[in-house]
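Reading through the structure tokens given below for one structure.
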Protein chains: 2
Amino acid sequence: MNGTNQEHVDEAGAALRQTSLRVTKQRVAVLEAVRDHPHADTDTVIRSVRESLPAVSHQAVYDSLHTLTEVGLVRCIQPSGSVARYERRIGDNHHHLVCRSCNLIVDVDCTIGQAPCLTPSHDAGFLIEQAEVTFWGLCPDCADSGAERPEVGSRSAV
Amino acid sequence: MNGTNQEHVDEAGAALRQTSLRVTKQRVAVLEAVRDHPHADTDTVIRSVRESLPAVSHQAVYDSLHTLTEVGLVRCIQPSGSVARYERRIGDNHHHLVCRSCNLIVDVDCTIGQAPCLTPSHDAGFLIEQAEVTFWGLCPDCADSGAERPEVGSRSAV
DNA sequence: TCGTTTCCTTGACTCATTCAAAAGAAGCGT
DNA sequence: ACGCTTCTTTTGAATGAGTCAAGGAAACGA
């Protein structure tokens, strides 16, 4: 909708300029799209970007998302059963609440867990860099409407 | 290798009989394959099953894995960037260590985190059922050989 | 403005996973 | 043991997110 807000363009451009990446209108648009649609999948980003740049190729969006992820301007999350989703909020080690029924994703801060969650009981010799916590459950709407676990993709259910 | 161990077949059959599912040789073989290859992806399971049942269709394996997951005999995990992987260890709320370089997956018990990890700071009204923790890092081998993050699939790297 | 380097477009392609219809096996009651 | 019903498996095709590769276009330093 208001994707082409000048202030946002500037902010996105500035973020890009702080990396060694070239500032292209495609990347700026992708960065905006990710900010405007938290936890959006690639398809949503493509559609959002095309509101301001109707001619972008899907490849450009895929490339931008990868590159932006690599330099740390966006984060990619992929809860089980979901395609890749992207978010602008980075560096604060927050976690996610995922609704099993409607796939809604919500951010949660890990105020309690910060330290404990980063320390597994034994690390098997691993060099641990990051802990990712995903809470699975039902969002308020789905819980209210009595939604249970959705079909998990088996034709002949039990 | 020793996939057709009678003891194992019995155990797998018994587990199946405790559900309302029919006990078929395909399902028994899938259950064994998952136990014999912890964190195996579907392709590995298919190959393993075909050692004892050369004629199984991939569809049967997909269906079995789905059904077994649904009744809780196996668990499906899908770390970002990975295809679906399955494991037999269930119900003990253990977590995973994933190597960013070689994708090795190792189980870890969450001795410290049990309670804290299940309690996010605010639940946004969600009905939380489960917390899933994934630790990302480098396995001993990759850390030793100085492996850094692998290419993440962008042709024009920074 | 020019040239170099990086990025985008185009279009084909891969591969995990799913769909659908028909043939085949499990388990039930007799 | 036999047949019936229902659940499973096979077969073969389709879907769709994501990737590969080559050439044209744009960014940016000089």
Side-chain angles (χ1 to χ4, degrees), chain A residues 9 12-13 16-31 40-47 49-50 52-71 73 76-86 103 150-158, chain B residues 12-13 16-31 40-47 49-50 52-71 76-86 103 150-158:
Chain A
V9 175
L16 273 170
R17 232 164 272 117
Q18 295 192 326
T19 72
S20 54
L21 296 175
R22 290 194 176 165
V23 180
T24 66
K25 48 190 190 300
Q26 291 89 340
R27 283 176 179 163
V28 170
V30 166
L31 213 38
D41 57 23
T42 308
D43 194 58
T44 303
V45 174
I46 291 176
R47 274 204 292 269
V49 168
R50 286 190 175 150
S52 45
L53 293 176
V56 264
S57 61
H58 69 143
Q59 190 62 251
V61 175
Y62 273 101
D63 276 356
S64 296
L65 288 172
H66 283 152
T67 311
L68 295 175
T69 301
E70 232 164 293
V71 299
L73 287 182
C76 175
I77 58 175
Q78 253 177 293
S80 290
S82 172
V83 294
R85 290 165 176 281
Y86 296 86
N103 291 315
E151 293 308 313
V152 195
S154 154
R155 286 163 300 150
S156 35
V158 276
Chain B
L16 273 170
R17 232 164 271 117
Q18 294 191 326
T19 70
S20 54
L21 297 174
R22 291 191 177 167
V23 181
T24 67
K25 49 188 189 298
Q26 289 90 341
R27 282 177 181 162
V28 170
V30 166
L31 213 38
D41 58 22
T42 308
D43 194 59
T44 302
V45 174
I46 291 175
R47 274 204 291 270
V49 168
R50 284 187 177 153
S52 45
L53 294 175
V56 265
S57 63
H58 69 140
Q59 190 61 253
V61 175
Y62 273 100
D63 276 355
S64 295
L65 287 171
H66 283 153
T67 311
L68 295 174
T69 301
E70 232 165 292
V71 300
C76 174
I77 58 174
Q78 253 178 292
S80 290
S82 171
V83 295
R85 289 166 178 280
Y86 296 86
N103 292 314
E151 294 308 313
V152 195
S154 152
R155 285 162 303 152
S156 33
V158 275

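Note on naming: letters A, B, ... go to the chains in the order of the sequence lines (proteins, then strands), and numbering restarts at 1 for each one.
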Atom [atom1] in [X], atom [atom2] in [Y]: separation rounded to 0.5 Å?
X       : Y       : atom1 : atom2 : result
B/Leu65 : B/Glu70 : CG    : CD    : 12.0 Å
B/Arg85 : B/Asp43 : CZ    : CG    : 10.5 Å
A/Leu53 : A/Ile46 : CG    : CD1   : 13.0 Å

To the nearest Å, give me how far apart [atom1] ([X]) and [atom2] ([N]) are.
X       : N      : atom1 : atom2 : answer
A/Tyr62 : C/dC13 : OH    : C1'   : 14 Å
A/Leu65 : C/dC8  : CG    : P     : 11 Å
B/Gln78 : D/dG18 : CD    : C1'   : 15 Å
A/His66 : D/dA17 : NE2   : P     : 14 Å
B/Arg85 : C/dA16 : CZ    : P     : 11 Å
B/Leu16 : C/dA26 : CG    : P     : 13 Å
B/Asp63 : C/dT18 : CG    : C1'   : 10 Å
B/Gln59 : C/dA16 : CD    : P     : 14 Å

Does [X] reach the side chain of [Y], with side-chain heavy atoms less than 4.5 Å apart?
X       : Y       : value
A/Val28 : A/Leu31 : no
A/Val30 : A/Val45 : yes
A/Val71 : A/Leu16 : no
A/Val49 : A/Gln26 : no

Problem set entry | First encountered from the 5' end of DNA chain C, between B/Lys25 and B/Val83 |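 By nearest-heavy-atom nucleotide position, the 5'-most residue is B/Val83.
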Exercise. Quick one, which residues of residues 40-47 of chain B touch DNA chain C with a heavy atom under 4.0 Å?
Worked result: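 When residues 40-47 of chain B is checked for heavy atoms under 4.0 Å from DNA chain C, the hits, listed by number, are B/Thr42.
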For this session: Determine: side-chain N/O of B/Gln26 to OP1/OP2 of C/dA25, distance under 4.0 Å, yes or no.
Result: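 The answer is no; no side-chain N or O of B/Gln26 sits under 4.0 Å from OP1 or OP2.
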For this session: Kindly say if B/His58 contacts the phosphate of C/dT18, meaning a side-chain N or O under 4.0 Å from OP1 or OP2.
Result: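 Answer no for this pair, as no side-chain N or O of B/His58 is under 4.0 Å from OP1 or OP2.
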What nitrogen or oxygen pairs link the protein and nucleotides 27-30 of chain C at under 3.5 Å?
residue: C/dG27; atom: OP1; partner: B/Val23; partner atom: N; Å: 3.1

Exercise. Hey, is the main chain of B/Gln78 close enough, under 3.5 Å, to the side chain of B/Ser82 for a donor-acceptor pair?
Worked result: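 Checked: no pair found.
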Nearest heavy atoms of [X] and [Y], plus distance in Å:
X       : Y       : value
B/His58 : B/Arg50 : N-NH2, 3.5 Å
A/Arg27 : A/Ser64 : CG-OG, 3.6 Å
B/Val23 : B/Gly13 : CG2-O, 4.2 Å

For this session: Over 60° means perpendicular and under 30° means parallel, so classify the ring planes of B/His66 and B/Tyr62, tilted if in between.
Result: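 Ring orientation, 0 to 90° scale: tilted.
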Exercise. Of all the choices, D/dT10, C/dC8, D/dG18, which nucleotide is nearest to the side chain of A/Ser57 once you look at every atom?
Worked result: C/dC8
Exercise. When the C1' atoms of the five terminal pairs at each end define the local axes, what inter-axis angle does the helix from C/dT1-D/dA30 to C/dT30-D/dA1 show, to 10 degrees?
Worked result: 40°
